[in-house]
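Comments concern the structure below.
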Amino acid sequence: MKKCVAFHSYKGGTGKSTISSNISVLLVKMGYNVLLIDMDVYAPTLQTYFNQEPKYWINNFLFNTAEFENVIYDLTRLIKNFPNKKETQNELGKFFVAFANSSKEEITKLDGALGQDSSKLELLRKFILMKEEMAYENDIDYIIIDTSPGIRYWSINSLAIADLIILSLKMDSIDLEGTKKMATEIYSAFTKLGTKSLLLFNRAAGYCLPPNLIQETSYAPEANYANILSEQSKVTDTFKKEVDMEIIGNIPCYCDIQFDSKEFLTVLKYPYHPFTHLLHGLVEKLENI
Ligand SMILES: Nc1ncnc2c1ncn2[C@@H]1O[C@H](COP(=O)(O)OP(=O)(O)OP(=O)(O)O)[C@@H](O)[C@H]1O
Ligand SMILES: [Mg+2]
């Protein structure tokens, strides 16, 4: 196995699920075998994102009610059959996804088990074993983990088994402050153990210029937007120094993605979208880290 990459953030809605899903697909298109795991076990979304009705979940694997091969779903066909004829298809890798159960009962069960030390240890042992199994017994090149925001048991476990952590954040002050705290309190420990962690600014300014709808002469959108961009670049530079982490990317907020009632694999739907272009760059960096 080449790498296990966890997508994490302080606040919710920073693009972890969107980016981890799109990146997984790009890696598959490059010929890699990828396993994407929904470890946002407290509020899973990948089942809805991929529109699947799984019989078994990662929860079943953790509680010994299913073998790992039963909880990973081969969704390579979704990429193969994606209706975009413009693209020439390279040899695809395999695309596996493991989903987390969003039922209240299952979430409570996981939380309940965490109250007992023996169950907690057993669940963690299973989780670590899963990575080993993928690395040595299955032909998986990349494990991509979509985690829960903040410092929660399964996020920390996901970070602990990752070789690389991508910490996504938006440019608002609450997210910046929280991320800074998390980076110094939590990430520094992982860095000491040899895990690399990188910052990914997402949903930043840089794409949608607000129109001057009211035609008011005192408000000039271009000038205002130029200020925002300049301010943003100062904030990212300062932040990078303060947390002592490298920045792997800076992705603008694309209104067409933001307001799409169901964003689904933009990298396949719009291969020439600037979002796709940036994610190609991100994947290239991931490969070379
Ligand atoms: N660069 C972007 N431009 C525009 N919209 C984006 C961008 N990145 C993500 N989004 C949108 O932002 C919303 C939140 O993204 P997503 O669900 O991936 O975040 P998340 O970090 O997984 O959230 P949560 O922590 O709640 O699981 C989605 O509607 C997604 O389509
Ligand atoms: Mg998510």
Side-chain angles (χ1 to χ4, degrees), residues 5 7-27 29 45 49 144 146 149 164-180 182-183 196-216 218-289:
V5 186
F7 283 82
H8 187 225
S9 65
Y10 173 71
K11 262 191 16 171
T14 58
K16 295 179 295 300
S17 304
T18 310
I19 295 173
S20 54
S21 302
N22 277 282
I23 285 234
S24 298
V25 166
L26 285 184
L27 286 165
K29 286 190 65 192
T45 51
Y49 187 82
I144 306 287
D146 180 18
L164 175 67
I165 304 168
I166 309 266
L167 177 52
S168 57
L169 70 157
K170 293 197 287 178
M171 211 64 78
D172 65 74
S173 55
I174 297 175
D175 209 359
L176 287 166
E177 273 315 303
T179 306
K180 202 186 293 175
M182 211 168 65
K196 262 195 171 286
S197 42
L198 298 161
L199 294 169
L200 173 64
F201 284 94
N202 185 32
R203 299 177 71 182
Y207 184 62
C208 317
L209 175 67
N212 188 355
L213 293 174
I214 46 174
Q215 297 297 309
E216 195 186 283
S218 61
Y219 174 67
E222 286 87 355
N224 192 30
Y225 205 62
N227 281 340
I228 291 173
L229 289 177
S230 141
E231 206 40 54
Q232 187 170 277
S233 106
K234 280 185 215 149
V235 170
T236 42
D237 284 349
T238 316
F239 192 78
K240 182 182 153 186
K241 282 185 201 128
E242 280 175 347
V243 298
D244 194 23
M245 276 168 77
E246 289 300 314
I247 298 172
I248 191 173
N250 197 327
I251 307 175
C253 188
Y254 298 103
C255 323
D256 45 343
I257 295 180
Q258 165 104 16
F259 297 119
D260 188 341
S261 59
K262 195 182 181 327
E263 186 279 341
F264 184 59
L265 301 180
T266 299
V267 293
L268 293 183
K269 203 164 158 190
Y270 302 115
Y272 305 110
H273 194 290
F275 176 80
T276 307
H277 177 72
L278 286 177
L279 287 209
H280 272 290
L282 208 64
V283 166
E284 215 169 281
K285 286 182 190 161
L286 281 189
E287 261 195 306
N288 295 316
I289 285 167

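For the numbers below, each heavy atom of this structure counts, side chains included, while hydrogens, waters and symmetry mates do not.
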**Q.** Crowding at NZ, Lys262 (>12 non-hydrogen neighbours, <6.0 Å)
**A.** yes
Q) Ile289 and Ile248: side chain to side chain contact (heavy atoms under 4.5 Å, CB included), yes or no, with the steps? A) CA-CA 10 Å; Ile289 285 167; Ile248 191 173; 4.1 Å; yes
(Q) Quick one about Ser17 and Asp146 (side-chain donor to acceptor, distance below 3.5 Å, no hydrogens or angles considered), yes or no? (A) yes
(Q) I'd like to check the ring-ring contact (aromatic ring centres under 6.0 Å, His included) partners of Tyr225; sequence neighbours left out, ordered by chain and number. (A) none
Q: Check whether more than 12 heavy atoms from other residues, nucleotides or ligands sit under 6.0 Å from atom NZ of Lys196, and answer yes or no.
A: no
(Q) Under the criterion side chain to side chain contact (heavy atoms under 4.5 Å, CB included), I'd like the reasoning laid out for Ile247 against Thr236: C-alpha separation, chi angles, the key distance, then a yes or no. (A) CA-CA 9 Å; Ile247 298 172; Thr236 42; 4.2 Å; yes
Q: Kindly give the heavy-atom pair with the smallest separation between Pro252 and Ala205, and that separation in Å.
A: CB-O, 4.2 Å
Q) Between Ser20 and Lys16, is there a donor-acceptor pair closer than 3.5 Å when you use the side chain of the first and the backbone of the second? A) yes
Q) Do Leu198 and Leu167 have side chains that get closer than 4.5 Å, going by heavy atoms? A) no
Q. Counting only N and O atoms by type, is there a donor-acceptor contact under 3.5 Å from the side chain of Tyr270 to the main-chain atoms of Leu265?
A. no
Q. Distance from Ser173 atom OG to Lys180 atom NZ, nearest 0.5 Å?
A. 10.5 Å
Q) Taking atom CE of Met182 and atom CD of Glu177, what is their separation to the nearest 0.5 Å? A) 13.0 Å
Q: Determine whether Leu27 and Ile144 make a side-chain contact, defined as any pair of heavy atoms from C-beta on separated by less than 4.5 Å.
A: yes
(Q) Can you give me the closest heavy-atom contact between Thr276 and Pro271, atom names plus distance? (A) CG2-O, 3.4 Å
**Q.** Donor-acceptor contact below 3.5 Å, side chain Asp175 vs main chain Lys170
**A.** yes
(Q) Ignoring hydrogens, what is the shortest heavy-atom contact between Leu199 and Lys240? Give both atom names and the distance. (A) CD1-CA, 4.5 Å
Q.
How long is the straight-line distance from CD1 of Ile165 back to CZ of Phe7, given to the nearest 0.5 Å?
A. 11.5 Å
Q | Point-to-point distance, once rounded to the nearest 0.5 Å, from NE2 of His8 to OG1 of Thr179 | A | 9.5 Å
Q.
Please find the pair of heavy atoms, one from Cys253 and one from Gln258, that lie closest to each other, and give the distance.
A. SG-OE1, 3.1 Å
Q: Applying side chain to side chain contact (heavy atoms under 4.5 Å, CB included), run through Leu200 and Leu282 and close with a yes or a no.
A: CA-CA 10 Å; Leu200 173 64; Leu282 208 64; 4.0 Å; yes
Q: Give, for atom OG1 of Thr266 and atom CG of Asp260, the distance between the pair rounded to the nearest 0.5 Å.
A: 7.0 Å
Q.
A quick test of your reading: do over 12 heavy atoms of other residues, nucleotides or ligands sit less than 6.0 Å from OH of Tyr10?
A. no
Q: Can you see which heavy atom on Ser9 is nearest to which on Ser168, and at what distance?
A: CB-O, 3.1 Å
Q. Can you tell if the side chain of Leu278 reaches within under 4.5 Å of the side chain of Asn250, non-hydrogen atoms only?
A. no
Q: Please say whether more than 12 non-hydrogen atoms of neighbouring residues, nucleotides or ligands are located less than 6.0 Å from CG in Asp244.
A: no
Q) Mind checking whether Leu164 and Leu286 have side chains closer than 4.5 Å, heavy atoms only? A) yes
(Q) With rounding to the nearest 0.5 angstrom, report the CG to SG distance, Leu209 to Cys255. (A) 10.0 Å
Q | side chain to side chain contact (heavy atoms under 4.5 Å, CB included) between Leu176 and Val235, worked out | A | CA-CA 9 Å; Leu176 287 166; Val235 170; 3.6 Å; yes
(Q) Please check: side-chain N/O of Asn22 versus main-chain N/O of Thr18, any donor-acceptor pairing under 3.5 Å? (A) yes
Q. Who pairs with His277 by side chain to side chain contact (heavy atoms under 4.5 Å, CB included), at least two apart in sequence or on another chain?
A. none
(Q) Under a 3.5 Å distance rule, please check whether Arg203 uses its side chain to pair with a backbone N or O of Leu169 as donor and acceptor. (A) no
Q: Establish, for the pair Lys234 and Phe239, whether the NZ or CZ atom is under 6.0 angstrom from the six-membered ring centre and no further than 45 degrees off its axis.
A: no
**Q.** Pairing residues for Tyr254 by the ring-ring contact (aromatic ring centres under 6.0 Å, His included) criterion, not counting sequence neighbours
**A.** Tyr207, His273
Q) How far apart are the closest heavy atoms of Met245 and Ala183, and which atoms are they? A) SD-CB, 3.9 Å
